[in-house]
Every structure is written in C-alpha cells, then in structure tokens.
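Chain naming here is simple, since letters A, B, ... match the order of the sequence lines and numbering starts at 1 in each.
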Number of protein chains: 2
Amino acid sequence: MSENSGGRRPADPAAVTVDLVIFTIRGDELCVLLIERGNAPYRGRLALPGGYVRPGENLDEAARRELAEETGLDGRRLHLEQLRAYGDPDRDPRGRVVTVAYLALGPDLPVPVAGSDARAARWEAVGPLVSGTTSLAFDHADILRDALERARARLEYTTVAAAFCMEPFTVADLRKVYEVVWGAPLDPSNFRRKVTRAEGFLEPTGGRRVLEAGRPAALYRRGPAKALSPPLLRSGDQVSR
Amino acid sequence: MSENSGGRRPADPAAVTVDLVIFTIRGDELCVLLIERGNAPYRGRLALPGGYVRPGENLDEAARRELAEETGLDGRRLHLEQLRAYGDPDRDPRGRVVTVAYLALGPDLPVPVAGSDARAARWEAVGPLVSGTTSLAFDHADILRDALERARARLEYTTVAAAFCMEPFTVADLRKVYEVVWGAPLDPSNFRRKVTRAEGFLEPTGGRRVLEAGRPAALYRRGPAKALSPPLLRSGDQVSR
DNA sequence: CGGGTTAAAGTCAATACGACCTTTAAGGGG
DNA sequence: CCCCTTAAAGGTCGTATTGACTTTAACCCG
C-alpha cells in the first residue's frame with residue numbers, strides 16, 4: 001500500500017503466492033491443469049498449480065515462472081493475465097496467505113509434464129469441477145469459477161480465443177473454442193462472417209487443410225488485433241440481471 | 001496459495017495492503033480522492049488512500065473499512081470492486097508490500113472528511129493526473145490509470161454509471177456521467193433511447209425535476225439490472241488492436 | 001461420375017444504431 | 001397573455017449488424 005494510518009499500525013505479515021488456472025481444450029472439453037497435493041494441508045486433494053512469489057520477483061514474473069515449471073513449456077507461447085487476488089484470512093490453515101490468481105490459455109498442450117517438482121499434474125475437465133461434487137483444495141473452486149467466467153467474458157470482447165488454437169488453424173477450430181468454452185453451439189456461417197470480417201483477428205496463411213471428408217478449410221494464424229469490437233456476444237446473454 | 005514446491009521453499013514474508021481508487025463526479029470533472037502523505041516514504045506526496053489488511057479481515061472487508069474511514073460515510077452506499085493486485089518487489093522502498101487495489105464509485109460525496117487519522121484528504125481531477133505531470137507516490141499513477149480504464153469499460157457493459165448518481169436522478173444526470181468518464185459528448189436523444197429501453201437499468205419514480213429552464217425531467221432510481229446488454233459502446237471504440 | 005460431407009458464400013427479415021428533426025412542457029420578458 | 005428560450009421527450013430514416021436459413025464450392029470415396 002502506501003500508508004499505514006500514519007505509520008502507527010503494524011503490518012500483519014503474510015505469504016504471497018500465485019496460483020494458475022491454465023485452460024486448454026482437449027477434444028470437446030475445456031480442461032484445467034490440476035496437481036495432486038503431496039503435502040498437508042489438503043494432502044491428496046486436487047489443487048491449482050502455484051507457488052510462492054520469490055524475493056525480487058514481481059507477480060507477473062512469478063506467474064510466468066510457475067507456468068513454465070508446470071507446463072514444461074516456456075510459457076511465452078501462452079496467454080497469461082492476472083485474474084484477481086484472494087485473501088480470506090482462513091483460506092489457508094497455515095496462516096495468512098494471499099494468493100494472486102492468474103488465468104492462462106493455451107492450445108492443447110503436449111501432456112502435463114510432471115513439474116520440476118514431484119507433484120502429479122493432470123488435465124481435468126472443467127464442467128464436472130464447477131458444477132459437480134469434486135472439491136478442490138483451499139478456495140480453488142472459487143478461483144476456478146471466477147476464471148471460467150473471466151475466460152467466457154474474454155471471448156466476447158477480445159481475440160484471445162485464438163490463443164487456444166495451435167497455428168495454423170481453421171475457422172471451425174476457432175468456432176469449436178467458443179462452443180466449448182461457452183458450452184453452446186454457434187451457427188457456423190454467421191460465426192465465419194463475424195470473425196473473418198473482424199479486422200486483425202485472423203490472417204490467412206493461404207494454406208488449406210484437407211480432412212477425411214468435405215471441402216478443404218482455409219488456414220489462418222492469429223492477427224494483431226487484441227480487442228474485438230463490436231463484441232461477439234453469447235446469444236442468450238442475459239439482457240440484465 | 002496452495003503449494004510451495006513440495007513444502008521446501010520458504011515464503012518471503014510480505015505486507016498486504018489495500019489501496020482505494022474512489023471516483024466521483026464533481027461538476028464537469030471526474031475526481032479521485034487522494035491523501036497527502038504525512039510520513040516517509042513519499043512524505044508530502046499525493047497518494048491513494050489505503051492501509052494494511054488487518055488480522056482476521058478479508059480483502060473486501062479491509063477495502064470496505066478503509067472506504068468508510070476515508071470518506072466518513074459508511075461505504076455501503078458505494079459501488080466497490082477489486083481492481084487487481086500490484087506486487088512489484090520495489091514498489092515500496094520499505095520492503096515487499098503487495099497491494100490489492102479497489103475501485104469505488106459514488107455520487108458527489110459531501111466533502112472529503114479528514115479520515116479518522118490526521119491525513120489531509122481531498123478530491124483531485126483525474127484528467128490532469130493521468131495525462132499530466134503530477135506524480136503520485138509509489139506506483140499509484142499506474143493504479144489510477146488502470147482504475148480509470150476499468151471504470152470506462154464498466155460503463156459499457158454494466159449499469160454502474162448509476163452509482164455515480166444521487167437518487168433520484170434524471171437521464172441527463174446519467175448521461176453526464178458517461179460524458180465525464182469517457183471524456184466525449186453523447187447524443188442526448190440516442191442515449192435516452194438506449195438507457196430507458198435497457199430493461200432494469202432505470203426505474204421511474206414518477207417524480208419530475210424542474211430546472212431553471214426547459215421541460216421538467218423525469219426522475220429515476222437505479223433498477224435491479226447489473227449487466228447492460230447489448231453494451232453501450234464508446235463511439236470511437238477501436239475496431240481492433 | 002454420383003453421393004456424401006464439410007467449407008464458404010449468399011439471402012432476407014428483424015434489430016440496433018447514428019444523425020437529425022419535431023413536439024412537449026416548463027420559465028421569463030415584453 | 002403570448003411569444004421566446006430552453007431542455008426533455010419522442011420520432012424519422014438510412015445504414016450496419018445479426019440470426020435464421022439456403023445455396024454453391026471443393027474434396028473423398030466407391
């Protein structure tokens with residue numbers, strides 16, 4: 001902060017961590033990378049990957065480092081943005097631990113390389129996790145829910161959906177991202193019209209992809225545009241609430 | 001967090017604070033509440049109000065408490081939302097201090113009651129602060145910039161603009177909020193059509209307000225809607241980038 | 001070459017929006 | 001008391017966007 005009520009009030013020391021919500025699309029499912037905790041508390045329970053912020057490191061750097069450690073890839077290829085901070089006093093039984101959650105989006109990653117440490121990492125489908133019974137460690141279920149909503153909203157107003165696609169990709173690949181993240185089908189024709197006309201979203205590579213059946217699809221790579229305006233709204237987007 | 005690389009790596013203890021960006025509209029200006037620092041570092045410099053998160057308190061509670069202390073009002077009347085966390089290792093010369101910034105929006109507040117402590121608080125116009133030469137303490141200029149952009153974006157997709165208005169208010173009052181925050185004039189007629197048709201945004205009180213001149217304006221209070229869809233986009237909203 | 005399959009492009013009505021104009025309801029001055 | 005000013009409220013119209021749907025294109029297979 002900046003001020004402690006005139007310098008009188010002592011700070012309550014806290015540990016600061018970053019936690020990562022790494023989303024990818026595998027098949028027809030939105031998946032998140034989880035680790036199985038090897039230590040107390042919540043030993044054996046699934047949790048989001050994360051770790052302490054190290055001295056001299058800022059929050060983004062810590063998140064980027066953890067991302068690289070957890071995925072095995074250098075995380076420079078993935079979209080990474082801060083979600084928000086979580087600091088309930090009892091969110092960690094060991095004491096005051098404030099975590100800064102990050103949202104990472106990436107194309108289908110090779111395999112959850114067991115991190116540099118010994119924790120077992122694996123992809124889990126998000127659907128059953130948020131609506132279901134599986135309970136995550138700490139407040140990670142809340143974080144996951146918030147991250148999912150953030151990701152869904154980001155698809156509306158930005159071009160990050162392309163971050164889920166391995167280049168080069170087709171319009172159908174991109175549409176599948178929207179359908180999987182939003183959990184609803186989209187009209188293929190209208191979707192194509194929208195994204196191909198959004199300046200800077202897609203750049204044609206000139207190539208085509210031939211599938212087992214059907215007309216070959218044109219291939220694209222990510223364009224320079226970050227924002228998407230007008231937005232691509234979820235159809236049944238509540239008119240109010 | 002959740003995990004410290006197997007429990008091996010020690011935490012770097014940090015102080016956790018909340019800082020508040022409290023926006024209001026005074027006359028034709030968007031203003032932010034700033035305090036003049038009475039202690040080192042940055043003694044005498046303007047800074048965002050804020051303070052340490054206390055033991056047993058969560059982040060929202062700390063922000064709500066600081067808000068009440070700084071404005072003198074019970075902050076329950078104001079819109080309050082977390083902006084994001086800032087944690088550069090050198091953002092505070094006293095050591096690692098991670099701050100969680102909050103964005104607060106409220107109607108023209110009576111006067112910056114000197115907080116419970118002795119700090120001098122006052123409203124400052126945002127325009128000169130973000131584009132100008134005045135330098136704030138710590139990284140508060142960055143936080144202010146981010147808060148302004150968040151507020152501008154929130155007006156597009158939500159109904160929080162009404163949080164700036166003292167109830168009851170007129171459509172012109174609400175339009176002025178958009179114009180001041182976005183820094184651009186809006187067409188009165190089209191603006192009315194948009195906001196009055198957005199279900200749940202405005203609730204007519206039945207009353208009218210008679211000004212010095214002109215037809216009396218209908219009075220409204222805030223409706224139950226939180227989201228605004230379709231959004232009310234800033235006219236020159238960049239088509240891409 | 002004809003059928004199956006998917007991509008890509010086109011049609012059309014409904015809607016939303018920006019620019020602009022007209023009417024309404026007050027107060028004030030002559 | 002009528003007219004002028006002022007601002008709210010409501011209407012018009014051309015354009016752009018969207019959603020639902022149809023049509024054409026390109027490739028594989030047998």
| request: Taking side chain to side chain donor-acceptor pair (under 3.5 Å) as the test, write out the residues that go with R45(B), two or more places apart. | output: S135(B)
| request: Would you jot down, in residue-number order, the residues of residues 209-216 of chain A having a non-hydrogen atom under 4.0 Å from DNA chain C? | output: A213(A), G214(A), R215(A), P216(A)
| field | Results of side chain to side chain donor-acceptor pair (under 3.5 Å) for K176(A) - residues two or more places apart only | value | D28(A)
| field | Pair E69(B) + R65(B): basic N to acidic O under 4.0 Å | value | yes
| query | Is the closest basic N to carboxylate O distance between E124(B) and R122(B) below 4.0 Å? | reply | yes
| field | Sub-4.0 Å heavy-atom contacts from residues 172-181 of chain B onto DNA chain C, ordered by number | value | none
| note | Residues passing the side chain to side chain contact (heavy atoms under 4.5 Å, CB included) test with R84(B), sequence neighbours excluded, are D60(A), Q82(A), Y86(B), D146(B)
| field | With R193(B) via side chain to side chain donor-acceptor pair (under 3.5 Å) - residues at least two apart | value | N190(B)
| task | Please list all pairs passing the ring pair (Phe, Tyr, Trp, His ring centres under 6.0 Å) test where one or both residues lie in residues 190-231 of chain B, with sequence neighbours left out. | result | Y178(B)-F191(B)
| task | Report the distance from atom CZ of R91(B) to atom CG of D142(B), rounding to the nearest 0.5 Å. | result | 9.5 Å
| query | Ignoring hydrogens and geometry, is there a side-chain-to-backbone donor-acceptor pair from T158(B) to A227(B) under 3.5 Å? | reply | no
| said: Checking A213(A) now: which residues fulfil side chain to side chain contact (heavy atoms under 4.5 Å, CB included) with it, not counting sequence neighbours? | reply: none
| On a plain distance test, is the side chain of S189(B) in donor-acceptor contact with the base of dG11(D) below 3.5 Å? | yes
| Between L202(B) (CG) and dA8(D) (P), how many Å, whole number? | 14 Å
| said: Which is more 5' along DNA chain C, the nucleotide nearest P231(B) or the one nearest D187(B)? Just name the residue. | reply: P231(B)
| R234(A) with E179(A): basic N within carboxylate O range, under 4.0 Å | no
| remark: Taking five pairs at each terminus, the helix from dC1(C)-dG30(D) to dG30(C)-dC1(D) shows an axis bend, to 10°, of 20°
| side chain to side chain donor-acceptor pair (under 3.5 Å) partners for R77(B), two or more places apart | none
| note | The complete set of ring pair (Phe, Tyr, Trp, His ring centres under 6.0 Å) pairs with one or both residues in residues 59-85 of chain B, sequence neighbours excluded, reads none
| said: What is the separation between atom CZ on R197(A) and atom P on dA16(D), rounded to the nearest whole Å? | reply: 12 Å
| request: Summarise protein proximity over nucleotides 11-16 of chain C in one line of letters, 5' to 3': B for base, S for sugar-phosphate only, - for none, counting protein heavy atoms closer than 4.0 Å. | output: B-----
| Taking atom P of dC21(D) as reference, at what distance in whole Å does atom CG of L186(A) sit? | 15 Å
| message | If I take atom CZ in residue R192(B) and atom P in nucleotide dT12(D), what distance separates them, rounded to the nearest angstrom? | response | 17 Å
| field | Spacing of F191(A) atom CZ relative to dT6(C) atom P, expressed in whole Å | value | 18 Å
